[in-house]
Amino acid sequence: KNQVEQSPQSLIILEGKNCTLQCNYTVSPFSNLRWYKQDTGRGPVSLTIMTFSENTKSNGRYTATLDADTKQSSLHITASQLSDSASYICVVRDQAGTALIFGKGTTLSVSS
Amino acid sequence: NAGVMQNPRHLVRRRGQEARLRCSPMKGHSHVYWYRQLPEEGLKFMVYLQKENIIDESGMPKERFSAEFPKEGPSILRIQQVVRGDSAAYFCASSATSSYNEQFFGPGTRLTVL
């Protein structure tokens with residue numbers, strides 16, 4: 001069964017600190033992996049999208065890594081800001097279907 | 001350059017009533033996707049539509065749920081005879097061409113069934 005598991009479930013950090021969120025997936029064959037940011041009460045917004053041949057991709061203070069062999073991805077946030085408080089969702093698309101498979105997300109709280 | 005628009009943002013229905021959720025895709029987008037997010041759960045795919053066609057409805061419950069994307073007007077997700085378990089956030093996304101492309105999400109409709 002295609003699954004996407006994220007850890008930790010929630011995380012609290014101080015403003016200015018770095019953090020890393022994890023994503024493990026069992027989707028195979030694999031097409032691409034995306035990280036989304038979802039603010040409370042809003043729809044998800046794309047941060048990065050990576051194909052199986054890409055190892056890392058950055059978007060400002062967000063850096064995503066992908067290891068297609070171990071089926072793991074991480075999202076690293078540098079110098080966190082209060083506005084980074086949100087749910088971060090790992091999403092995987094398989095080669096066969098049209099659907100995206102979503103993880104449950106990691107809820108990040110950045111405090112001052 | 002408006003993004004994906006959904007209305008209403010919040011909808012309250014009593015058990016047995018009908019719920020109609022609307023989604024207007026981004027300008028120039030002809031592909032629409034509906035997702036459901038139950039409390040404490042990840043988004044789950046429901047249906048993928050192009051103008052006047054249902055492409056993939058593998059995530060749609062077999063009964064009470066239907067979706068359409070007419071030639072003119074928004075996409076509609078219709079839930080008949082709602083039950084408490086239908087309470088969730090329903091998100092619509094759109095893309096310019098096929099689902100291989102980037103999907104842009106709307107703000108969601110939060111359905112509460114009393």
Side-chain angles (χ1 to χ4, degrees), chain A residues 1-10 21-27 29-54 57 59 64 73 75 86-107, chain B residues 2-11 21 23-26 29 31-50 53-60 67 88-112:
Chain A
K1 181 181 178 182
N2 289 331
Q3 285 187 312
V4 177
E5 301 288 340
Q6 292 188 244
S7 62
Q9 185 176 356
S10 61
L21 315 179
Q22 301 292 342
C23 173
N24 296 334
Y25 61 93
T26 59
V27 179
F30 159 82
S31 175
N32 60 56
L33 184 146
R34 311 156 189 232
W35 282 93
Y36 282 87
K37 178 186 179 187
Q38 185 177 19
D39 292 309
T40 301
R42 310 290 291 271
V45 174
S46 179
L47 295 175
T48 64
I49 177 170
M50 290 185 291
T51 64
F52 66 89
S53 61
E54 295 177 289
K57 184 164 280 190
N59 177 4
S73 176
L75 180 69
S87 179
Y88 291 84
I89 306 171
C90 177
V91 185
V92 179
R93 201 180 85 75
D94 65 33
Q95 289 185 348
T98 56
L100 301 178
I101 302 166
F102 288 73
K104 292 184 179 182
T106 292
T107 300
Chain B
V4 178
M5 299 178 68
Q6 290 187 248
N7 68 81
R9 293 294 308 276
H10 300 273
L11 181 62
L21 288 62
C23 169
S24 296
M26 284 181 69
H29 286 191
H31 298 246
V32 166
Y33 316 81
W34 285 94
Y35 296 87
R36 177 165 63 176
Q37 186 174 33
L38 295 169
E40 309 300 323
E41 295 290 325
L43 277 77
K44 294 286 196 301
F45 168 77
M46 298 181 74
V47 62
Y48 163 34
L49 310 103
Q50 284 181 261
N53 291 305
I54 296 175
I55 307 302
D56 181 354
E57 56 181 348
S58 58
M60 284 280 270
Y90 292 82
F91 290 94
C92 167
S94 73
S95 64
T97 55
S98 76
S99 66
Y100 293 87
N101 286 0
E102 184 65 56
Q103 294 183 19
F104 295 86
F105 284 81
T109 293
R110 273 143 193 87
L111 172 65
T112 301

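Below, read A as the first sequence line, B as the second, and so on, with proteins coming before strands; counting in each chain starts at 1. Computed from a predicted model, the values in this text were never measured in an experiment.
Residue Gln6(A) does not touch chain B at all, counting heavy-atom pairs closer than 4.5 Å. Within the 4.5 angstrom heavy-atom criterion, no atom of Gln6(B) approaches chain A.
Exactly one of Gln103(B), His31(B), Glu102(B), His29(B) qualifies for a side-chain hydrogen bond (donor to acceptor under 3.5 Å, both in side chains) with Ser94(B). That residue is His29(B). Tested against Tyr33(B), the residues Phe104(B), Tyr90(B), Tyr48(B), Phe105(B) include a single ring-ring contact (aromatic ring centres under 6.0 Å, His included) partner, Tyr48(B).
For Glu5(A), there are no salt bridge (Lys or Arg N to Asp or Glu O under 4.0 Å) partners two or more places apart in sequence or in a different chain. Lys57(A) is linked by a side chain to side chain donor-acceptor pair (under 3.5 Å) to Glu54(A), counting only residues two or more places apart in sequence or in another chain.
Ranked by non-hydrogen atom pairs under 4.5 Å with chain A, the options Gly42(B), Ser58(B), Cys92(B) are led by Gly42(B).
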